[in-house]
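Order of the sequence lines fixes the chain letters, A, B, ..., with proteins taken first and strands second; residue numbering starts at 1 for each chain. Predicted model, so just to flag it, every value in this text is computed and none were measured. What's counted below: heavy atoms across the whole structure, side chains too, no hydrogens, waters or symmetry copies.
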Amino acid sequence: MNSQTDALLSVRNLVKNFELRASSGIRKTKRIVQAVAEVSFDVKVGQTLGLVGESGSGKTTVGRSILQLIQPTSGEVIFEGQDLTKMSFEQLREVRKQMQIVFQDPFASLDPKMTVGSSISEPLVVQGVSGNHEEKVAELLDLVGLASDHAKRFPHEFSGGQRQRVGIARALALDQKLIVLDEPVSALDVSIQAGVVNLFADLQKRLGMSYIFIAHDLSVVRHIADQVAVMYLGKIVEIGDKDAVYRNPTHPYTKALLSAVPLPDPKVERSRHRIMLEGDVPSPVNPPTGCRFRTRCWKATDLCASEEPQLVVRSAGQQSACHFPE
Amino acid sequence: MMSNSVLQIRDLRVTFNTQLGELKAVRGIDVDVEPGQILGVVGESGSGKSVSFLAAMGLLPKSATISGSVKLDGEELIGAKRKAIRSVRGKSLAMVFQDPLSALNPVHRVGDQIVEMIQSHQDINTHDAEKKAVELLEIVGIPQPDERARQYPHEFSGGMRQRVVIAMAIANNPKVLIADEPTTALDVTVQAQILEVIQRVQQTFGTAVVLITHDLGVIARVADSVNVMYAGRNVESGSVQSIFDHPSHPYTRGLLSSLPHEGIERLQPIAGFPPNMLAPPSGCGFAPRCQHATESCNVSLPPLTPYDDLFTSCICADELRIGRVS
């Protein structure tokens with residue numbers, strides 16, 4: 001994807017390796033897990049990129065590497081023209097005023113001993129923002145659909161959906177330009193989930209920030225994203241405009257993934273053709289050679305084992321990495 | 001829907017004695033599981049869906065007070081002697097849980113665990129039981145079942161472990177298999193495989209299945225009939241087609257319309273959140289969140305009333321069905 005002038009964030013050839021130390025008997029062995037392998041994409045101003053994939057696909061690692069919560073092994077993360085991977089700690093702190101993350105578990109991400117108000121104002125304190133924090137907290141609570149007197153309460157007094165709103169209020173404290181949402185609604189019941197998803201959409205319309213929405217739920221991503229990137233074993237296998245990817249998937253994995261999602265309609269569910277993938281996702285410690293999906297792909301040939309397919313433009317705004325695209 | 005059901009539950013109530021008071025988890029439910037059918041039980045967290053069937057299995061802790069009737073093939077299980085329940089559990093009534101790893105013993109070979117299951121209910125020598133264990137692994141779609149039977153749980157992937165657990169559950173050819181969120185911890189492509197295994201078991205052996213889930217897509221894919229639970233009660237039940245085609249309880253309708261689907265601009269959450277079961281509403285449990293609720297809903301609970309092809313517990317059901325209100 002060529003960097004365009006309106007890209008807020010450009011990720012280029014991002015790689016993250018984790019070292020696994022396993023001791024078998026007396027010998028210590030060091031193995032490397034390539035969690036993210038050469039991933040590149042852009043996020044435009046005011047838009048949402050959906051990052052989907054199964055467990056072990058590397059989607060969460062991508063999100064954390066962007067914020068430099070974990071140090072990428074190589075590659076560039078360019079935010080408003082500056083490469084975050086080359087910044088000092090002090091420089092990063094400055095930039096972090098503009099980027100935030102909301103985590104999956106609203107029970108684990110709030111300090112149980114802090115009032116909700118002090119949790120929300122903590123980023124303001126850390127960044128040394130002057131002014132009336134109480135007023136700002138009230139304003140933020142109102143923004144996420146909570147009452148201003150909630151500020152004095154503790155996390156245990158809130159339901160899951162409300163806690164997630166508190167997490168969102170905290171992420172908004174510093175007028176962010178980019179928010180990474182890591183499975184932000186997966187822990188919530190569906191009837192509650194809908195309200196939080198609407199809140200994301202409303203806030204974006206009002207404040208104009210960009211989102212990276214990481215999720216395994218493909219129907220939620222379809223609802224909220226402008227662009228979608230499908231990951232498998234650390235690689236982007238398909239990326240493009242939401243409608244193109246969902247309507248005309250060109251990578252066999254995208255096609256299989258979409259067909260595996262159960263739809264809430266018995267007539268459709270019982271009549272549609274489903275692609276059954278065999279087996280599980282292979283271990284990222286020892287990924288298959290060539291195309292990483294080939295061990296589960298019904299189209300795989302010798303070529304797929306020997307040569308790794310590159311992302312190729314299939315239609316305007318849609319790319320996939322496959323030797324035999326759909 | 002009476003008489004010939006293999007599992008019949010009448011007015012089941014479960015109350016937990018907690019430090020905060022009596023928690024009324026299940027408040028009088030009737031369930032009929034027809035032979036060879038898949039009954040989907042759907043509801044949000046805390047709706048009592050799991051607790052109901054744990055009570056039927058006799059698996060609740062002593063802090064639970066259980067009343068009502070659970071009959072398996074006419075035999076009463078509530079209040080039965082422990083020995084009598086033990087002879088039923090794992091034999092004619094078996095259960096599969098969400099997390100397959102905690103259902104398996106990590107230090108025993110999976111084949112041996114299945115053998116143990118068979119021998120605790122059948123008079124059969126070890127050699128034959130071992131042969132049967134391998135057959136069972138084959139039925140649930142585990143490749144090279146001979147070798148795999150000699151392996152330990154940690155050598156299996158999540159999806160394969162769930163298959164092993166299903167093999168154990170069907171080892172004594174149960175009349176009813178209760179599956180509690182069996183695919184929630186799995187990736188969507190693996191979920192599709194496990195649902196297929198459950199359907200295969202149902203079709204091959206005529207096993208009745210109770211599938212407990214929060215995922216309406218899963219229900220739409222495999223269930224024959226559906227019970228919708230809210231605040232410890234059944235609010236609606238009927239054939240899968242009738243529940244999805246003309247849901248008549250405001251909660252079912254709200255649940256279905258809160259799901260994201262193609263082409264809608266804005267999701268429709270259900271306002272509010274589930275009631276505190278330490279002090280549940282005295283009337284209809286859904287009344288505090290219901291836009292159609294009247295004074296009488298807060299006082300009395302409408303009984304499950306038959307409509308064409310489903311049972312609904314709502315005084316507005318008539319008007320909802322003819323579309324006078326939405």
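Residue contact with chain B, scored on non-hydrogen atoms closer than 4.5 Å, involves the backbone and the side chain of Ser219(A) alike. Using a 4.5 Å cut-off between heavy atoms, Gln268(B) touches chain A through its backbone atoms (N, CA, C, O) alone. Looking at Glu265(B), only its backbone comes within 4.5 Å of chain A, counting heavy atoms on both sides. Leu263(A) touches chain B through its backbone: at least one of N, CA, C or O sits under 4.5 Å from a heavy atom, while the side chain does not. Looking at Ser283(A), there are no atoms closer than 4.5 Å to chain B (heavy atoms on both sides), in backbone or side chain. Looking at Asp265(A), only its backbone comes within 4.5 Å of chain B, counting heavy atoms on both sides.
Counting heavy-atom pairs under 4.5 Å between each of Ala220(B), Ser45(B), Gly158(B), Ser157(B) and chain A puts Ala220(B) at the top. Annotation: maximal heavy-atom pairing with chain A below 4.5 Å, among Val190(B), Thr189(B), Ile243(B), Leu216(B), occurs at Thr189(B). Of the listed residues (Ala223(B), Gly159(B), Gly254(B)), the greatest number of heavy-atom pairs within a distance under 4.5 Å of chain A belongs to Ala223(B). Ranking Asn198(A), Leu257(A), Asp280(A) against chain B, the residue ahead of the rest is Asn198(A), based on heavy-atom pairs under 4.5 Å. Looking only at heavy-atom pairs under 4.5 Å with chain B, the residue among Gln162(A), Gln193(A), Lys267(A) that has the most is Lys267(A). Ranking Arg274(A), Arg222(A), His216(A), Glu278(A) against chain B, the residue ahead of the rest is Arg274(A), based on heavy-atom pairs under 4.5 Å.
Between Ser258(B) and Ala194(A), the closest heavy-atom pair is O-CB, 3.5 Å. Of all the heavy atoms in His223(A) and Ile264(B), the pair that sits closest is CE1-O, 3.4 Å. Closest approach of Arg221(B) and Glu269(A) over heavy atoms only: NE-OE1, 2.6 Å. The heavy-atom pair separating Gly272(B) from Ile192(A) by the smallest distance is O-CD1, 3.6 Å. Of all the heavy atoms in Glu54(A) and Val188(B), the pair that sits closest is OE2-N, 3.8 Å. Shown here for Asp189(A) and Glu44(B), the closest heavy-atom pair between the two residues is CB-OE1, 3.2 Å.
Side-chain contact between Arg247(A) and Glu262(B): present, with at least one pair of heavy atoms (C-beta onward) separated by less than 4.5 Å.
The environment of Glu326(A) atom CD is dense: over 12 non-hydrogen atoms of other residues, nucleotides or ligands sit within 6.0 angstrom. In the displayed structure, Phe200(A) atom CZ is contacted under 6.0 Å by more than 12 heavy atoms of other residues, nucleotides or ligands. The number of heavy atoms from other shown groups lying within 6.0 Å of CD (Gln37(B)) is above 12.
In this structure a side-chain-to-backbone donor-acceptor pair under 3.5 Å is present from Gln193(B) to Leu277(A).
When each of Val190(A), Leu218(A), Val220(A), Asp217(A) is paired with Pro260(B), the side chain to side chain contact (heavy atoms under 4.5 Å, CB included) condition holds for Val220(A) and for no other.
Atom CG of Leu259(B) sits about 10.0 Å away from atom OG of Ser191(A), to the nearest 0.5 Å. The distance from atom CG of Leu188(A) to atom NE2 of His214(B), rounded to the nearest 0.5 Å, is 11.0 Å.
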